[in-house]
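Scroll down for the structure; my scribbles are underneath it.
First listed ligand is number 1; within each ligand, the first listed atom is number 1.
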Amino acid sequence: MSKTITVLPGDGIGPEVTDSAVSVLDYLFKTFHHDVRFVKERIGGAAIDTDGTPLPRKTIDQCLASDAVLLGAVGGPKWDGQSMNVRPEQGLLGIRKALGLFANIRPAKAFAPLIDASPLKRSYVEPVDFVIVRELTGGLYFGKPSERRGEHKEQVVDTLVYSEHEIERVVEKAFQMAEKRRKKLTSVDKANVLESSRMWREVVNQVAKHHPDVAVRHALVDSTAMQLIVNPGQFDVIVTENMFGDILSDEASVITGSLGMLPSASLRTDKLGLYEPVHGSAPDIAGQGKANPLATILSAAFLLHYSLDMDHEAALIEMAVQNVLEQGYHTPDLNVSADRATLVNTSEMTDQVINAIAQQAAKVN
Ligand code: IPM
Ligand code: MG
């Protein structure tokens, strides 16, 4: 049966990195005879320019009708200073909400060849292998519009609303991930201050009863921000609300060496998911071939795993990325010092990944 992937390149380096990931996917689909088609749609600033809105209805409909969505990045100085409802970021928040993608998976894992690029000491980084499960469609990001702008200009309100159901479904996802990993779950909140966090804790304790083999710990967000630096190796799965997850995942992303390496998956209960690199649109280097495509290529591996059940193909991508880094290939963001290191541009890096996949696939077959 034919499958469809909607590609939303977006802005800045988005088109370059999604092109790279599509080349890699295309190679795999041809090699393994999968019938998958790609459909491109607009989002973010690119959509503002042509359609006057960061999220055209056609984009939403196309995503809803597909098996998976691959997204580059949105935003750039060109659209700064516009009013809130025409900012590129609204396209991203809108598509997450429209597709109901409540669980955002952001892993942080040390890549051996990149450890010296981390701002932390090697011994702190080596054991790092955790995943942040960020709630993605609720909390402060989605306060009720009527309460966002009061008539009195000197006062604004952002509401942090969560229903038990919204907390439960993302926490359940996090427990399921923990069960497949090292069975440790850290639930992060601010229960010493926020009522929503106290409810979050209650829900976590309820869900925990169905997962007796997972060790659960509650931790405050400020202390977790500190623990991520002093002992990042202690974490396995971290689950937290939208805004805390946004902040902690940026912190986590630099631990392993480069923001250019980190993939993400945004999931819901069925198989439809949206896959995007954790990094942004990097307008300063757009169009120059300097962008690191690996975060998007690794996001494509997540796509194969979570949405298309192609675990073997996903594993090939992950092995290939490891392999090219071991050979010393790196884009300018990867601060590697090895003498064997070869600086490459976006498309050369993509070609190296495809070569490595081809070699690996030949070995297996
Ligand atoms: C992210 C980004 C977005 C977010 C922005 C661009 C709206 O920072 O994906 O983490 O805050 O969710
Ligand atoms: Mg962020």
Side-chain angles (χ1 to χ4, degrees), residues 8-15 17-18 42-48 53-55 59 63 69-108 130-143 145 148 158-160 162 166 170 188 221 224-225 228 238-256 258-268 273-284 286 291-292 295-296 298-299 302-303:
L8 307 176
D11 311 317
I13 59 170
V17 294
T18 47
R42 283 189 285 269
I43 196 166
I48 294 176
T53 163
L55 186 60
T59 298
C63 290
V69 181
L70 182 71
L71 188 140
V74 299
K78 183 176 172 194
W79 305 279
D80 279 352
Q82 305 251 25
S83 73
M84 271 300 276
N85 60 346
V86 292
R87 284 189 64 92
E89 289 80 2
Q90 286 304 120
L92 184 56
L93 300 180
I95 195 69
R96 290 171 177 170
K97 188 77 173 176
L99 302 183
L101 303 164
F102 61 84
N104 181 223
I105 316 293
R106 298 186 165 186
F130 64 86
V131 40
I132 295 179
V133 180
R134 166 189 175 193
E135 201 291 326
L136 203 60
T137 52
L140 274 175
Y141 275 60
F142 295 95
R148 285 192 90 121
D158 280 304
T159 51
L160 199 174
Y162 270 116
E166 285 175 305
V170 69
V188 175
V221 64
T224 306
L228 276 173
I238 294 173
V239 64
T240 192
E241 69 93 34
N242 203 343
M243 175 74 100
F244 296 157
D246 177 49
I247 298 168
L248 293 181
S249 64
D250 260 31
E251 188 186 351
S253 70
V254 293
I255 296 175
T256 54
S258 172
L259 195 52
M261 290 301 303
L262 293 173
S264 82
S266 300
L267 308 174
R268 55 187 210 180
L274 180 146
Y275 304 85
E276 56 174 320
V278 170
H279 64 69
S281 62
D284 52 322
N292 180 352
T296 315
L298 288 167
S299 301
F302 272 180
L303 182 156

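With waters left out, the protein N, O or S atoms under 2.8 Å from the Mg ion (ligand 2) add up to 1.
Taking both residues in full, the closest heavy atoms of Ser264 and Phe302 are given as C-CD1, 3.8 Å, listed atom of the first, atom of the second, then distance. Nearest approach of Thr18 to Pro15, heavy atoms of both residues: OG1-O, 3.3 Å. In terms of heavy atoms, Ile132 sits closest to Ser249 at CD1-CA, 3.6 Å.
Looking at Thr240, Asn104, Val239, Leu267 one by one, the single match for side chain to side chain contact (heavy atoms under 4.5 Å, CB included) with Val133 turns out to be Val239. Just one of Thr296, Asn292, Asp250, Leu262 meets the side chain to side chain contact (heavy atoms under 4.5 Å, CB included) condition when paired with His279; it is Thr296.
When atom types are taken as modelled, the side chain of Asp11 and the backbone of Gly45 share a donor-acceptor pair closer than 3.5 angstrom.
The side-chain heavy atoms of Cys63 and Ile95, taken from C-beta on, include a pair separated by under 4.5 Å.
Every residue was checked against the salt bridge (Lys or Arg N to Asp or Glu O under 4.0 Å) condition with Arg106, not counting sequence neighbours, and none meets it. In terms of the salt bridge (Lys or Arg N to Asp or Glu O under 4.0 Å) criterion, Glu251 has no residue partners (sequence neighbours excluded).
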Please give the N or O to N or O pairs under 3.5 Å between ligand 1 and the protein, distances rounded to 0.1 Å.
from     : atom 1 : to     : atom 2 : distance (Å)
ligand 1 : 8 (O)  : Asp246 : OD1    : 3.3
ligand 1 : 9 (O)  : Arg96  : NH2    : 2.7
ligand 1 : 9 (O)  : Arg106 : NH2    : 2.8
ligand 1 : 10 (O) : Arg106 : NH1    : 3.1
ligand 1 : 10 (O) : Arg106 : NH2    : 3.1
ligand 1 : 10 (O) : Arg134 : NH1    : 3.2
ligand 1 : 10 (O) : Asp246 : OD1    : 2.9
ligand 1 : 11 (O) : Tyr141 : OH     : 2.6
ligand 1 : 11 (O) : Asp246 : OD1    : 3.4
ligand 1 : 12 (O) : Arg96  : NH1    : 2.7
ligand 1 : 12 (O) : Arg134 : NH1    : 3.3
ligand 1 : 12 (O) : Arg134 : NH2    : 2.8

